[in-house]
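Only this structure's heavy atoms are used, side chains among them; waters, hydrogens and symmetry mates stay out. This one's a predicted model, so the numbers in the text were calculated from it and none came from an experiment.
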Amino acid sequence: MFFVALALAALVAGSLVYCVLIAAAAWQYRAVRPAKPSGPIPISVLKPLHGVDDGLDENLRSFFEQDYPAFEMLFAVREAGDPAVGLVERLCGEYPAVPSRLLVTGEPPYPNAKVYSLDLMRAQARHSLLVMSDSDIRVTRGMLWTLAAEFQDPRLGMATCPYRGVPGRSFWSTLEAIGLNTEFLGGVLVARMLEGMKFALGPTIAARREVLDQIGGFDTLKDYLAEDFVIGQRAAEAGWGVILSSYVIEHRIGGQPFRANLRHRIRWCRSTRRSRPWGYVGQVFTNPLPLALLLWAAWPAWWPLAGAALLLRAAAAWATAGTVLHDPLTARLWWLVPVQDLAGFAVWIAGFFGNTILWRGRKYRLLADGRFELARR
């Protein structure tokens, strides 16, 4: 038992170092602010849609209401009968001053339907700066001005926005949002500090058209589930600057019940494991509280180390949710952070098993290199 406790103590010590790194990385991120923009850069906003998510009207409306003089909106649905079509047509009518178009793509010829929609919208977009944003994202009126300011740097090829999780009326979605705001962002910030941004985050990515052309376009991403990670990685490998934007978006994750939320989280974990195998293993250090409890159970005399893990975990959570995201959810429900840590640890372990996912009602098989394919029955 002593050697088990020793191994756990080593993992807890690594987690303590990781918590310190999160605090330092959050401070470094907050120290960077873009210069004031010299003028508007024409922007095309690309929105792939599938059905009507909770809050979709408000999410899309927040983009139509941008306080920005030079942008257009493009939407894509798979079929003309998609429930989102009527909503988009109504919003386009309410905001006639914003150039907007709706594309019906038909069935995608490859697994990643989102990539197919983005590729068709890119071909129709009029501008060279593209903002690709999911349907569950909500923003404030100044979002495009912030991105325009960042893209004044000609060396910048891609910017990806950090996000604050906002749950619907579900306990399980609330736990997920707390995990996003107190744990997930910490890993992003530490990676940014230690090696720079060599990946992107899927909910909202801004990129120059020439960058997408240089890395082979969306056609090279069509078979990857985590196309956001791959697109950022390839932009960095091509020599372009990739940054974590100073603009924080809201990720409206809905109010899924337990089983749907669990499937969603396991899908995300399995995708991460395929995209970054060693990085996924290293996520053990992002879970100080479960490790500390195991250490305490295995060797109670080492309780001070477990106590230190609890305190530093709280400090790291405050650094991300409090100082970076300004998250009112975590401030109000801080006592759920330990609950989420235990739930997240269990989901992380589950992510090591299985190679299939359910996405948009279809079953896919994940391949070892991060690609995926429709599962054969």
Visitor: Applying the side chain to side chain contact (heavy atoms under 4.5 Å, CB included) criterion to L49, which one of V85, L56, D82, D134 satisfies it?
Guide: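 Exactly one pass, corresponding to L56.
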Visitor: Are R270 and N355 packed together at the side-chain level, in the sense that at least one heavy-atom pair is separated by less than 4.5 angstrom?
Guide: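 They are not in contact (no side-chain heavy atoms under 4.5 Å apart), so the answer is no.
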Visitor: With a 6.0 Å cut-off (strictly less than), is the heavy-atom count around CH2 of W348, excluding the residue itself, greater than 12?
Guide: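 It does: W348 CH2 has more than 12 such atoms within range.
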Visitor: With a 4.5 Å heavy-atom cut-off, do M132 and R122 have their side chains touching?
Guide: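 Result no, sub-4.5 Å side-chain heavy-atom pair not found.
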Visitor: Got a sec, which hydrophobics cluster with V32, joining ILVMFWY side chains under 4.5 Å apart, including via others?
Guide: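 Noted: V32 shares its cluster with no other residue.
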Visitor: Check whether any side-chain heavy atom of E150 sits under 4.5 Å from a side-chain heavy atom of L156, and report yes or no.
Guide: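 They are in contact (side-chain heavy atoms under 4.5 Å apart), so the answer is yes.
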Visitor: Is V347 isolated, or which residues cluster with it under the ILVMFWY side-chain rule of less than 4.5 Å, directly or via members?
Guide: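 Besides V347, the cluster holds F171, W172, L175, I178, F258, L262, I266, L329, L333, W334, W335, L336, V337, V339.
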Visitor: Assess, by modelled atom type and distance only, whether the side chains of R234 and T220 contain a donor and an acceptor separated by less than 3.5 Å.
Guide: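 Short answer, yes.
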Visitor: In this structure, would V98 and I41 fall into the same cluster of hydrophobic residues linked by side-chain contacts under 4.5 Å?
Guide: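 Looking at the clustering, I41 is in the same group as V98.
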Visitor: Parallel under 30°, tilted from 30 to 60°, perpendicular over 60°: which one fits the rings of Y280 and F352?
Guide: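 It falls in the perpendicular class, over 60°.
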Visitor: With a 4.5 Å limit on heavy-atom distance, are the side chains of S275 and F199 in contact?
Guide: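 No; the side chains remain at least 4.5 Å from each other.
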Visitor: Do H326 and V248 have side-chain heavy atoms sitting under 4.5 Å apart?
Guide: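 The answer is no; the side chains never approach within 4.5 Å.
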Visitor: Are F285 and Y18 near enough that their ring centres are under 6.0 Å apart?
Guide: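 Ring-ring flag for F285/Y18: false, centres at least 6.0 Å apart.
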Visitor: Answer yes if the ring centres of F218 and Y110 are under 6.0 angstrom apart, and no otherwise.
Guide: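 Here the rings of Y110 and F218 have centres that are no less than 6.0 Å from each other.
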Visitor: Are more than 12 heavy atoms from other residues, nucleotides or ligands located less than 6.0 Å from atom CH2 of W296?
Guide: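 For W296, atom CH2 is not crowded (no more than 12 foreign heavy atoms under 6.0 Å).
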Visitor: Name the residue from R371, K222, E227 that meets the side-chain hydrogen bond (donor to acceptor under 3.5 Å, both in side chains) definition with N112.
Guide: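 Among the candidates, only E227 passes.
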Visitor: Within the supplied structure, the quantity of interest is the number of heavy atoms (other residues, nucleotides, ligands) at a distance under 6.0 Å from R33 CZ; does it exceed 12?
Guide: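 Counting other residues, nucleotides and ligands, CZ of R33 exceeds 12 neighbours.
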Visitor: Is any NZ, NE, NH1 or NH2 atom of the basic residue among R90 and D57 found under 4.0 Å from an Asp or Glu carboxylate oxygen of the other?
Guide: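 Salt bridge flag = yes for D57 with R90.
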Visitor: Could you identify which residues cluster with V166, counting Ile, Leu, Val, Met, Phe, Trp and Tyr as linked when any side-chain heavy atoms lie under 4.5 Å apart, either directly or through a chain of such contacts?
Guide: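 Under the 4.5 Å side-chain rule, V166 groups with nothing.
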Visitor: Run T330 and L325 through side chain to side chain contact (heavy atoms under 4.5 Å, CB included) and show every step you take.
Guide: CA-CA 10 Å; T330 305; L325 298 179; over 6 Å; no
Visitor: Going hydrophobic residue to hydrophobic residue with side-chain gaps under 4.5 angstrom, can you get from V115 over to V230?
Guide: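 Yes.
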Visitor: Indicate if L11 and L289 have the same hydrophobic cluster label, given that clusters are the connected sets of ILVMFWY residues with side-chain heavy-atom separations under 4.5 angstrom.
Guide: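 In one cluster with L11: L289, no.
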